[in-house]
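Along the sequence shown, the residues carry numbers beginning at 1.
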Amino acid sequence: MKIVINNGTVIDPKNRVFSKLNIGIEKGKIVEISNRKLIGDEVIDADGLIVSPGFVDIHMHEDPYDKAVDAFNISIFDCLLRMGVTTAVGGNCGGGPEEPDAYLDAVDRIGIPINLGLLVPHNSLRKKVNVNNKYKSVSTENILKMKELAKYYLKKGCLGISFGIRYIPGITGEELISVCEALAGGNKIAAAHIRDDSSGVIPSAMELIEIGKKLNIPVQVSHIGSMGAYGQMEELLSLIDYHKQNGVDVAADCYPYNAFSTGIGETTYDEGFLKRYGTTYESIEIAEGEYRGQRCSEEIFNKLRCEKPETITIGHVMKENEVDIALANPNVFLASDGFMHNFEGHPRASGTFPRFISKYVREKKLLSLYEAIEKMTYLPSERFRLNKGSLSIGSDGDVVIFDYNTIEDGATFEKPVEPPVGIKYVLINGEVAVRDNVIINGKLGRALRR
């Protein structure tokens with residue numbers, strides 16, 4: 001069956017294309033691009049619409065897989081698909097499947113809404129050597145075991161290694177360097193939620209940059225907005241750009257919101273966080289459970305931190321203008337950092353990509369549409385060396401078709417899974433997955449290995 005997309009305005013930054021063209025897709029691949037109308041078994045008329053490569057989200061937190069019933073508890077995958085994401089990278093911030101190879105096998109066996117690659121989650125390596133205390137350091141013997149485990153999962157196709165250094169204060173320099181040595185020579189990435197934010201963000205970024213420099217590996221500063229959008233962003237971006245200019249392969253990602261999200265039991269909220277952010281308990285919103293939608297009091301905060309530490313919170317503490325500065329930087333890519341518990345959480349999991357276009361291109365005019373699409377497709381795909389993010393002949397048939405004039409995020413802090421508007425079609429591997437914001441096939445995604 002051949003699907004053709006006629007009359008659309010094609011934006012394909014990898015090939016430096018921004019013009020009205022027609023696309024033919026067959027057997028999952030783009031087989032034809034023409035300035036003449038094409039004929040196919042299914043014809044999509046994209047007149048007045050933008051035709052883009054499927055959006056690529058390099059930092060999200062995947063849905064859980066239940067080995068006992070061989071099924072995924074689908075939540076964020078649906079949200080990502082409805083906002084045009086066709087490819088994502090999970091296993092971020094050091095958290096994720098304890099057996100990433102088995103998770104990827106399940107993706108191929110069962111099918112999920114999007115294509116998915118995984119990083120090796122550092123915390124899973126710690127668990128494998130029975131170190132479950134996040135404040136505890138690891139012995140040299142166990143560090144070597146972790147490095148060998150990392151090598152194994154990298155050989156199984158994982159795209160790199162992720163660290164949640166902030167979440168595991170017991171990580172030493174020896175542990176970081178030694179585990180990262182598993183990446184040497186393989187062109188795979190070390191991504192990290194760095195050790196500290198706000199006033200501590202510069203030395204924390206340097207810790208990761210020095211690893212990249214020493215081992216000659218690419219390093220990625222995760223969700224830079226939530227790390228440095230407190231008055232440090234210009235200095236932080238200058239630091240990253242300086243080292244990139246001097247040979248270190250370093251970049252960052254960011255989501256278009258000035259509120260972060262994390263579990264209430266995480267080290268982000270260890271003693272001293274109110275002073276660090278210059279805020280009060282009321283800036284912390286509860287995103288699920290009994291107190292959903294309420295702002296914290298000291299009493300609610302302490303109760304949930306003790307009794308339900310996994311509860312998702314939203315921290316309304318970042319500076320919007322600093323997020324803007326980050327998103328405008330050419331070395332910062334768009335990523336959602338989305339995670340959900342049964343469709344509850346931060347709206348970034350449902351709104352990041354359409355919001356970037358509606359708010360930062362159409363409203364604020366911070367970037368051009370071409371530049372925004374580049375940050376959402378080709379650049380993140382190239383960063384993780386995925387065969388995605390373009391509309392080249394021979395590329396996978398991952399396509400988003402949207403109305404530039406109406407595309408907008410629908411998700412809010414009150415309704416975090418409200419779908420966007422303006423997305424007409426999403427194709428994954430050459431088949432229609434979404435039509436008019438409604439999922440019609442949620443099993444087209446496959447595992448990405450490298």
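- Centroid-to-centroid, the aromatic rings of Y281 and Y269 stay 6.0 Å apart or farther.
- Side-chain rings of F273 and F301 approach one another, their centers coming within less than 6.0 Å.
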Show the numbers, then the answer: is there a ring-ring contact (aromatic ring centres under 6.0 Å, His included) between F333 and Y378? CA-CA 10 Å; F333 316 135; Y378 169 59; 9.6 Å; no

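- Between Y167 and T262, the side chains place a donor N or O and an acceptor N or O closer than 3.5 Å (distance only, hydrogens not considered).
- For D241 and N329, the side-chain atoms include at least one donor-acceptor pair closer than 3.5 Å.
- Side-chain contact annotation: N321 with D324, donor-acceptor N/O pair under 3.5 Å absent.
- F339 and H346 have their aromatic ring centers separated by at least 6.0 angstrom.
- Side chain of T172 to backbone of E175: a donor-acceptor contact under 3.5 angstrom is found.
- Remark: the R348 side chain and the Y255 side chain contain an N/O donor-acceptor pair separated by less than 3.5 Å.
- Between the side chains of N73 and N342, at least one donor-acceptor pair of N or O atoms lies under 3.5 Å.
- Side-chain polar atoms of T412 and E418 form no donor-acceptor pair below 3.5 angstrom.
- A donor-acceptor distance shorter than 3.5 angstrom exists from the side chain of N429 to the backbone of L444, with no hydrogens or angles considered.
- Atom CD1 of residue I284 and atom CD1 of residue I314 lie 10.0 Å apart, to the nearest 0.5 angstrom.
- Taking the six-membered ring where the residue is Trp, Y360 and F356 present tilted rings, their angle falling between 30° and 60°.
- Residues Y135 and D270 have side chains that bring a donor and an acceptor to within less than 3.5 angstrom of each other.
- Using a 4.0 Å cut-off between charged nitrogen and carboxylate oxygen, D249 and R383 count as a salt-bridge pair.
- Aromatic pair H316/F413: ring centres closer than 6.0 Å.
- Counted by atom type alone, S336 and D57 present one or more donor-acceptor pairs between their side chains at under 3.5 Å.
- Among residues two or more places apart in sequence or in another chain, the salt bridge (Lys or Arg N to Asp or Glu O under 4.0 Å) test is passed with E307 by none.
- Taking 4.0 Å as the cut-off between side-chain N and carboxylate O, E148 and K145 do not count as a salt-bridged pair.
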